[in-house]
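To start, the structure under review is shown below, and the notes come after it.
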Protein chains: 2
Amino acid sequence: MKVINDLEKAEDLNMQLNYYDKEDQVLLAVDCIIFGFDKENLKILLIKRNFEPEKGRWSLIGGFLKKNENLDQAAVRVLNALTGLTDIYMEQLYTHSKIDRDPGQRTISVSYYALIDVESHKFDGIQIDSARWFELNEAPNLIFDHNEMIQRAIARLRRRALTNPIGFELLPEKFTMRQLQNLYESILDKKLDKRNFINKINSLDVLIKLDEKDMTVSRKGAYLYVFDKDKYQKKVEEDGFIFKI
Amino acid sequence: MKVINDLEKAEDLNMQLNYYDKEDQVLLAVDCIIFGFDKENLKILLIKRNFEPEKGRWSLIGGFLKKNENLDQAAVRVLNALTGLTDIYMEQLYTHSKIDRDPGQRTISVSYYALIDVESHKFDGIQIDSARWFELNEAPNLIFDHNEMIQRAIARLRRRALTNPIGFELLPEKFTMRQLQNLYESILDKKLDKRNFINKINSLDVLIKLDEKDMTVSRKGAYLYVFDKDKYQKKVEEDGFIFKI
DNA sequence: TCAAAAGTGTTCGCACTACACCCATGG
DNA sequence: CCATGGGTGTAGTGCGAACACTTTTGA
């Protein structure tokens, strides 16, 4: 009896000390799906790998989680290292863990998506020469399970854009109604009625119409708008207002 | 020139061989938020830990990813090991990576949520004696970031239940309209109008009304229904039908 | 006969949809 | 003066919300 108790104690202690020791460790990667909008079309940023494995093929930008950071920080670091971008909207998406997803070594990858306005972000990044924007439906075949990651990101973006004002992350600060509509048409991949769209947006009452016009596209010029973040926040806090297009 | 090329080649080779070697490895855990419904209320299953660290405190059930499985498989294995449950609806939720979330060792945890009908699953699991169902708002304070995981799971369940027929995972095969309504009221945490609810459900046209009645609750008895999965699937495939309550 | 839950329809208002013409301007 | 994109309003319809009484039957 005593012996058994001691044995149990010893095992308990052993368990406590080595609780984690017998478990398998893995490499944890972060891959970023970077959506960009250039006032016309929704695109994604891809890089041609100049390193192994799969050197020369197109892929999402990615990197590995380090001991001294969390995943959000890793995603920001990876994005910044390869594009020079900072202060970008990013959101965790999904964790991919198929056993052979990376043939080089067992790697689990957490995907993030980022939203940026293409034109107001000219890259100072290291790897610019090997990075390129692709139309959503013209993207090349990618390494590993990166195609699947993109599909998942598109689905998420589609849902999110309908109930959260994240669309504005993809536009310059000042934008025209037409640009906003183009954006939503790109995201949802369908045509919207101009009048209905404007009515709906206006009824949300979170845009400020400026006196300024964008004269670059038409003769008449189109009024510029800005998204009123404060007003939006107040509405959410006060009425439980939900942004819904 | 030649020298540089050779050097580059050597570095390339080195990079290829050791590409993953210099990266930090981490422990990857899986934690399960198990929702159950007992015809009245929505609950979650928690266990009192009989092992270190945090022995004696309540937590989600969890375990570590092994080399020979993916995360979905790990979640199923962990759920089964601790409850004996099989064939349960599970879905990946979010990956938690705060640096000190587990003080014992740097651990990243992927949360999953599971949906089960409490009464038709009597546990044969190993750790039954230390497991208990809690009402959502009576759950004790949990270890690590498990409270946050639950909050995220509730939010997801709420959204999902409105557009996917996952609610039925929480009910027995045969159920009454009142039970279905109770379920949705629990998930959404608000009262619904009886007539409107029934009209809405009937308009979806995915339930089969049986001739059988549940006589256990009222004198009059209430008709039993079953969810018609095939009909639902056909609708989705044919019309792009979306389940929406 | 009464208590307790089940079952059943209608009205109203709002939000979504469809739809076409004039405006302002630069070339 | 004309070509180009910008801007505007309304009528009809369908859906969600509010709402109360009758039925059944076991105790």
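Naming convention: chains lettered A, B, ... in sequence-line order (proteins, then strands); numbering from 1 in each chain.
In this entry the distance linking CZ of B:Phe197 with C1' of C:dG9 reads 18 Å, nearest Å. Here the P atom of nucleotide C:dT8 and the CZ atom of B:Arg178 are 13 Å apart, to the nearest Å. Between A:Lys244 atom NZ and D:dG16 atom P the separation is 12 Å, expressed in whole Å. With rounding to whole Å, B:Ile198 atom CD1 is found 9 Å from C:dA6 atom P. Summarising the geometry, the separation between CE on A:Met177 and C1' on D:dT8 is reported as 12 Å, rounded to the nearest angstrom. Across the protein-nucleic acid pair, B:Asp214 atom CG and C:dA6 atom P stand 9 Å apart, rounded to whole Å. Atom pair A:Tyr223:OH and D:dT8:P shows a separation of 8 Å (rounding to whole Å applied). Distance A:Ile242 CD1 to C:dA15 P: 14 Å, rounded to the nearest Å.
For B:Phe144, the ring-ring contact (aromatic ring centres under 6.0 Å, His included) partners two or more places apart in sequence, or in a different chain, are B:His146. Scanning for side chain to side chain contact (heavy atoms under 4.5 Å, CB included) contacts around B:Glu135 gives B:Asn41, B:Lys43, B:Asn137, B:Glu138, with sequence neighbours left out. Among residues two or more places apart in sequence or in another chain, the side chain to side chain donor-acceptor pair (under 3.5 Å) test is passed with A:Asp189 by none.
Between A:Phe243 and A:Phe168, the ring planes lie perpendicular to each other; the angle is over 60°, past the 30° to 60° tilted range. Using cut-offs of 30° and 60° on the angle between ring planes, the pair B:Tyr225 and B:Phe175 is parallel. Using a 30° and 60° split on the angle between ring planes, B:Trp58 and B:Phe134 fall in the perpendicular class, above 60°.
The cationic group of B:Lys209 lies under 6.0 Å from the six-membered ring centre of B:Tyr223 and within 45° of the ring axis, placing it in a cation-pi geometry.
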Identify the pairs formed between an N or O of the protein and an N or O of nucleotides 24-27 of chain C at a distance under 3.5 Å, and give each distance.
residue : atom : partner  : partner atom : Å
C:dT25  : O3'  : A:Arg219 : O            : 3.4

Report, one pair per line, the protein and nucleotides 17-21 of chain D atoms (nitrogen or oxygen only) whose separation is under 3.5 Å.
residue : atom : partner  : partner atom : Å
D:dA18  : N7   : B:Asn196 : ND2          : 2.9
D:dA18  : N6   : B:Asn196 : OD1          : 3.0
D:dC19  : N4   : B:Asp193 : OD2          : 3.2
D:dA20  : N1   : B:Arg195 : NH1          : 3.3

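Atom NZ of B:Lys98 has 12 or fewer heavy atoms from other residues, nucleotides or ligands within 6.0 Å.
For the side chain to side chain donor-acceptor pair (under 3.5 Å) condition, no pair includes a residue of residues 236-245 of chain A, sequence neighbours left out.
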